[in-house]
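Presented below is the structure to which this report refers.
Just so you know, residue 1 is the first one in the sequence shown, and it goes up from there.
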Amino acid sequence: ESNGYLENLSKTFATKRDFLADALRDVGFVVMNPDGSFYITIDLCNVELGNRGTDKSLTGLNLHKKDWNFSRWLLTEIGITTIPCSAFSDIFDERGYNRIRFAFCKTMDTLEEAADKLKSKRN
């Protein structure tokens, strides 16, 4: 018997997922809601980067990949760490280069801070 632990855990993560998904939608991202993971994937097809992210590269690697550049920009300019989906494979089509993942297995305080940071940089 779990004494409600698993049900509570599921509700807690669903609340965090929904909060982050709403925050990402509020700033204009296309969100792909997960059914069973700790990550929310967003589509960057509608995001215009310009040169954002390329000037902060320490290695000069993956500058041709939109997901890497946007992830780099989010980290260096806003302080939010994400995962570029193309990091999982060299065999990606254009869709893979246009997607990043946000982890929502964080405290609500951390998620709220991230949402505030995103709203402050919204164009």
Side-chain angles (χ1 to χ4, degrees):
E1 181 177 313
S2 67
N3 294 327
Y5 173 77
L6 295 177
E7 292 81 9
N8 185 50
L9 187 64
S10 179
K11 287 178 186 175
T12 298
F13 281 116
T15 299
K16 292 177 179 187
R17 178 200 62 211
D18 295 344
F19 173 83
L20 183 57
D22 289 343
L24 293 168
R25 280 189 198 94
D26 286 348
V27 295
F29 291 120
V30 176
V31 175
M32 293 169 255
N33 247 11
D35 290 325
S37 76
F38 298 113
Y39 300 97
I40 292 176
T41 301
I42 66 165
D43 191 312
L44 300 173
C45 287
N46 297 328
V47 175
E48 290 298 325
L49 288 178
N51 289 327
R52 290 188 286 184
T54 59
D55 59 335
K56 300 290 184 176
S57 175
L58 296 176
T59 63
L61 298 174
N62 299 310
L63 295 179
H64 65 289
K65 295 180 179 179
K66 187 176 191 176
D67 60 338
W68 281 81
N69 289 330
F70 195 66
S71 290
R72 188 179 299 111
W73 179 80
L74 282 171
L75 177 60
T76 59
E77 298 299 322
I78 301 180
I80 296 174
T81 303
T82 60
I83 304 152
C85 288
S86 68
F88 300 108
S89 176
D90 287 335
I91 306 170
F92 253 112
D93 60 15
E94 190 61 29
R95 290 174 299 174
Y97 294 141
N98 284 313
R99 293 181 179 167
I100 62 173
R101 296 181 352 166
F102 288 79
F104 59 86
C105 51
K106 309 287 182 186
T107 65
M108 277 306 292
D109 287 344
T110 298
L111 295 175
E112 289 167 357
E113 181 182 350
D116 290 342
K117 287 178 178 182
L118 288 169
K119 287 177 189 171
S120 74
K121 288 292 184 176
R122 183 179 173 178
N123 293 346

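Taking the side chain as every heavy atom from C-beta outward, Phe104 and Pro34 approach each other to under 4.5 Å. At least one side-chain heavy atom of Arg17 sits less than 4.5 Å from a side-chain heavy atom of Ile40. Two residues are said to be in side-chain contact when any heavy atoms from C-beta on lie closer than 4.5 Å; Asn98 and Asp67 fail this criterion. Side-chain contact check for Ile83 versus Phe102: every heavy-atom pair is 4.5 Å or farther apart.
Shown here are the ring-ring contact (aromatic ring centres under 6.0 Å, His included) partners of Phe38, two or more places apart in sequence or in another chain: Phe13. Applying the side chain to side chain donor-acceptor pair (under 3.5 Å) criterion to Ser120, with sequence neighbours excluded, gives no partner residue. With sequence neighbours left out, the side chain to side chain contact (heavy atoms under 4.5 Å, CB included) criterion links Val27 to Phe29, Leu118, Lys119, Arg122.
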For Thr12 and Thr15: C-alpha separation, side-chain torsions, deciding distance, then whether side-chain hydrogen bond (donor to acceptor under 3.5 Å, both in side chains) applies. CA-CA 5 Å; Thr12 298; Thr15 299; over 6 Å; no

Please step through salt bridge (Lys or Arg N to Asp or Glu O under 4.0 Å) for the pair Lys117 and Glu113, ending with a clear verdict. CA-CA 6 Å; Lys117 287 178 178 182; Glu113 181 182 350; 3.4 Å; yes

Residues Val31, Asn33; criterion side chain to side chain contact (heavy atoms under 4.5 Å, CB included); working and verdict: CA-CA 6 Å; Val31 175; Asn33 247 11; 3.9 Å; yes

In sequence, state the C-alpha distance, the side-chain angles, and the governing distance for Thr41 and Cys85, and then conclude on side chain to side chain contact (heavy atoms under 4.5 Å, CB included). CA-CA 8 Å; Thr41 301; Cys85 288; 4.2 Å; yes

May I have the step-by-step check of side chain to side chain contact (heavy atoms under 4.5 Å, CB included) for Arg99 and Met32, ending in yes or no? CA-CA 10 Å; Arg99 293 181 179 167; Met32 293 169 255; 3.5 Å; yes

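Here the straight-line distance linking atom CD1 of Ile80 with atom CG of Leu74 works out to 6.0 Å at 0.5 Å rounding. A distance of 10.5 Å separates CG in Asn69 from CG in Leu44, rounded to the nearest 0.5 Å. Separation of atoms CG (Asp116) and CD1 (Ile78) is listed at 12.0 Å; rounding is to 0.5 Å. Of the inter-residue distances, the one linking Thr81 atom OG1 with Arg101 atom CZ reads 13.5 Å to the nearest 0.5 angstrom. Considering CG of Leu24 and CZ of Phe19, their distance stands at 9.5 Å, rounded to 0.5 Å. In this structure, CG in Asn46 is found 7.0 Å from CG in Asp43, a value given to the nearest 0.5 Å.
Lys16 places a side-chain N or O within 3.5 Å of a backbone atom of Lys106 that can act as its donor or acceptor partner. For the pair Lys66 (side chain) and Val47 (backbone), a donor-acceptor distance under 3.5 Å is present. No side-chain donor-acceptor contact under 3.5 Å links Ser10 to the backbone of Leu6.
Here the closest non-hydrogen pair linking Leu111 and Ala103 is CD2-O, 4.1 Å.
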